[in-house]
Structures are given as structure tokens and as C-alpha cells.
Amino acid sequence: MPHPTPASDLRMASTATIAVVERDGFVESRHEGIVAMVAPDGSVLATAGDVDAPFLARSALKPLFAATVAERLGLAGRELAIASGSIVGRAEQVEVAAAMAQRLGVEPGALLCAPRRTRWIDAPTRLAAICAGKHVVLAAAAALAHDAAGLAYTDPAHPLQRELRAAVEARSGVTSTATATDGCSAPVYASSVLGMARAVRGLAATGDDEALAAVGLAMRTDPWLVEGPGAPDTVLMERLGVTAKFGAEGTQVIVAPDGTAVVVKVADGARRAGAPVAIALLEQAGALPTGSLAAVEGELGLLQHGGSAVVGRVRPLL
């Protein structure tokens, strides 16, 4: 059953204008959002909007979940990458998910994500679901629990889900005030933009969070399993050496190699503003070389065209 936040608790946090879309000198549209950048030690480097307000990081929580269950399941390499990913459903991605499910003794029919058909596979399967990797590892980890009382692994009351929530709270330093149901049917725990920035900085190989560092290394080693060839998160990791993970409704996490981390929540739910804002801030902080955004903006679809000519772009304002 869904466990939504009561309507009386819902509010839209205060935001700032974080990016505009320009065409031949005209501002055609703008994106409002909330942004936090933290240094490798967790100190605040930049903020915009209400960074302490509750928000749903959605799929950006997956690396934190993967780090929590990795050791008990023996996850490493490609398994860690796909457990943290939101796959496009290519045949080779489904093969990795299937092999992991077989190793862990998980029957695909037991997964609680919906079957999905993609242009790379012939028939719908749960192993092609965007969150297939996460569901395989959650089902496997839940099977090890001895006090689940028959609860589904997606039930927030399941001991595994209580553990995952506590792990997010511990890494973020934020007590979760709400639980919602993600698009894949699993719970998503409210955090804050600033708390998430502090939580994900461990994805770099520079801190003392060995479990999360192993997840980040796996994501950067096999970025095609985090999203897919040519897709934004995969492009960012391949081209810039960062660790990147988006979440539905406008969440973008990017962690530089030195552990400087940015989390962006775009208020209108659009994805396109998150990466350029984060990369621009990391350039300003010296965590990425100048010109990093220019090097990838074409592949990220940020350039505005008039025929074959570039006439504008998505421009960060922070």
C-alpha cells in the first residue's frame, strides 16, 4: 500500500532561478530550483533556494541503497553499477540484471517493479525495468531478513526498508520526515538537498566511506549500466570522470573526483537544467577544469539550434 505524506504536510520549498534557455539573445524560458554544493569535508560552498526543505531525491538514492546492502550480498563491479542505475533497457543491460538475479537466487517474477518492453528486447520483462538492478538487490537482501513477518520488500515497515531509511539519514545527517512511493513501487525517503549533497560526496574515492566509494568506482567503471550509452549520466561519467546520478522530477547529483558534490532539484521537474548548473558550480569551485560544461553541452542536448547553426543554449545562472 502507498504511504504518502498527508496533504496538509505538502509545500513547495522556496526556489531561485538557476538557469535560463537563450535563443538569439532572447530568454525563452527559465528554470527555478534548489541547489547545494559541499566541499569534500561536507562544508557548504554554495546554495540557492531552501536547501533544508524536505524533498524526494527519487532514483538518486540508489547508490546509497546499494552501498547499504553490498557487503552482505557480495556485490561488486557491474552488479554495484546496475544496482545504482536507472537503465534504458538495452539487451546487454538486461543480461547483467539477469545474471545478478540468478547468482542471488532471485526469480524475475518475484520482482515488484513492472515489466517493461524496450526497443532492444522482444518481450516485456521486469529485468528491463528502469529500476531492475535495485529491485534485484532489494529482493535478495530482504530474503535474508528473519523478522519480515511476510511483508513485501517494498513495504516501509519491512526491516530492510527501515535499515535503508536509517542509512540515508546517517549519511545525510537529516532525519527523514516522510516516505513516498517511487515510480517502481519501492519507498523513497525524504531528505534535503543539502543533506543529499553531504551524503553522496562519499561516492568519490577520497573519503573514508569505503562502501559508498566502492559504489562510485563501479559506477564510473561501467557507466553504461548506470543509464545507457549516449544518455546524460553515462556521458557525464565517461567524459568528465565525475559520478553522476539523476532522479525523477528534476534531481541531479554530480560528485567531482575530489569529493566536491552538487545536488540540484529543478522545481518544474525538468531534467535538462540539473547537469549544467552542477557542472558550472564545480568549475567555479575548481573541482572540474574550466571548459568542462562546454565539452559536453552538445551531447547533453543543451544547445539550441536554428537549422544547423547554434543560436543559444541552456545557461546556468549560479
Side-chain angles (χ1 to χ4, degrees), residues 57-87 93 95-106 108 110-113 127 129-146 148 153-154 158-173 176 182 184 186-189 191 196 198-227 233-234 237 242-247 253 255 257 259 261:
R58 301 291 294 273
S59 283
L61 290 173
K62 289 176 182 174
L64 304 181
F65 293 163
T68 304
V69 301
E71 183 176 4
R72 80 193 66 168
L73 297 179
L75 301 179
R78 290 182 171 184
E79 291 184 344
L80 277 180
I82 199 169
S84 305
S86 299
I87 59 173
Q93 294 175 322
E95 289 173 3
V96 173
M100 180 169 67
Q102 183 177 29
R103 184 184 73 80
L104 294 173
V106 174
L111 301 179
L112 298 178
C113 50
L127 293 172
I130 292 173
C131 302
K134 179 183 77 173
H135 275 259
V136 169
V137 300
L138 292 186
L144 300 178
H146 299 295
Y153 70 80
T154 54
H158 194 289
L160 171 65
Q161 291 296 339
R162 293 199 302 268
E163 180 188 10
L164 295 176
R165 179 173 182 158
V168 172
E169 292 177 333
R171 285 190 166 95
S172 66
S176 183
D182 211 336
C184 66
V188 57
Y189 302 111
S191 185
M196 273 297 294
R198 286 179 169 142
V200 298
R201 61 196 165 97
L203 289 166
T206 57
D208 56 4
D209 190 334
E210 294 183 2
L212 200 53
V215 172
L217 176 59
M219 293 170 70
R220 295 187 301 275
T221 301
D222 287 294
W224 64 279
L225 288 169
V226 179
E227 192 169 5
D233 281 347
T234 299
M237 289 189 280
V242 299
T243 312
K245 184 70 194 78
F246 82 96
V253 164
V255 184

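These numbers come from the heavy atoms of this one structure, side chains and all, not from hydrogens, waters or symmetry mates. All of these numbers come straight from a predicted model, not from anything done at the bench.
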How close do [X] and [Y] get, heavy atom to heavy atom, and via which atoms?
{"X": "A66", "Y": "A83", "value": "CB-CB, 4.1 Å"}
{"X": "D182", "Y": "S59", "value": "OD2-N, 4.1 Å"}
{"X": "I87", "Y": "A132", "value": "CD1-CB, 4.5 Å"}
{"X": "P63", "Y": "L212", "value": "O-CD1, 3.7 Å"}
{"X": "A244", "Y": "M219", "value": "O-CE, 3.7 Å"}

Check whether [X] reaches the backbone of [Y] with its side chain - one donor and one acceptor, N or O, closer than 3.5 Å.
{"X": "R165", "Y": "S176", "value": "yes"}
{"X": "H158", "Y": "A145", "value": "no"}
{"X": "Q93", "Y": "W224", "value": "yes"}
{"X": "Y153", "Y": "L112", "value": "yes"}
{"X": "Q161", "Y": "T154", "value": "no"}
{"X": "T234", "Y": "P223", "value": "yes"}

4.5 Å side-chain heavy-atom contact, [X] and [Y]:
{"X": "P257", "Y": "R220", "result": "no"}
{"X": "V137", "Y": "M100", "result": "yes"}
{"X": "T243", "Y": "V253", "result": "no"}

Of the options V215, L160, L164, which is the one that meets F65 in a side-chain contact (heavy atoms from CB on, under 4.5 Å)?
-> L164

Could you tell me the separation between the [atom1] atom of [X] and the [atom2] atom of [Y], rounded to the nearest 0.5 Å?
{"X": "L111", "Y": "C184", "atom1": "CG", "atom2": "SG", "value": "11.0 Å"}
{"X": "C113", "Y": "K134", "atom1": "SG", "atom2": "NZ", "value": "9.0 Å"}
{"X": "R78", "Y": "L225", "atom1": "CZ", "atom2": "CG", "value": "6.5 Å"}
{"X": "S84", "Y": "D233", "atom1": "OG", "atom2": "CG", "value": "11.5 Å"}
{"X": "L75", "Y": "L104", "atom1": "CG", "atom2": "CG", "value": "6.5 Å"}
{"X": "S191", "Y": "L61", "atom1": "OG", "atom2": "CG", "value": "7.5 Å"}

How far apart are the C-alpha atoms of E79 and V136, what are their side-chain angles, what is the distance that settles it, and do they pass the side chain to side chain contact (heavy atoms under 4.5 Å, CB included) test?
-> CA-CA 10 Å; E79 291 184 344; V136 169; over 6 Å; no

How would you list all residue pairs meeting salt bridge (Lys or Arg N to Asp or Glu O under 4.0 Å) that involve residues 199-213, not counting sequence neighbours?
->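 Non-adjacent pairs meeting salt bridge (Lys or Arg N to Asp or Glu O under 4.0 Å): R171-D209.
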
Above 12 or not: heavy atoms from other molecules or residues under 6.0 Å from CD1 of I130?
-> no

Do the side-chain N and O atoms of S86 and K245 include a donor-acceptor pair separated by under 3.5 angstrom?
-> yes

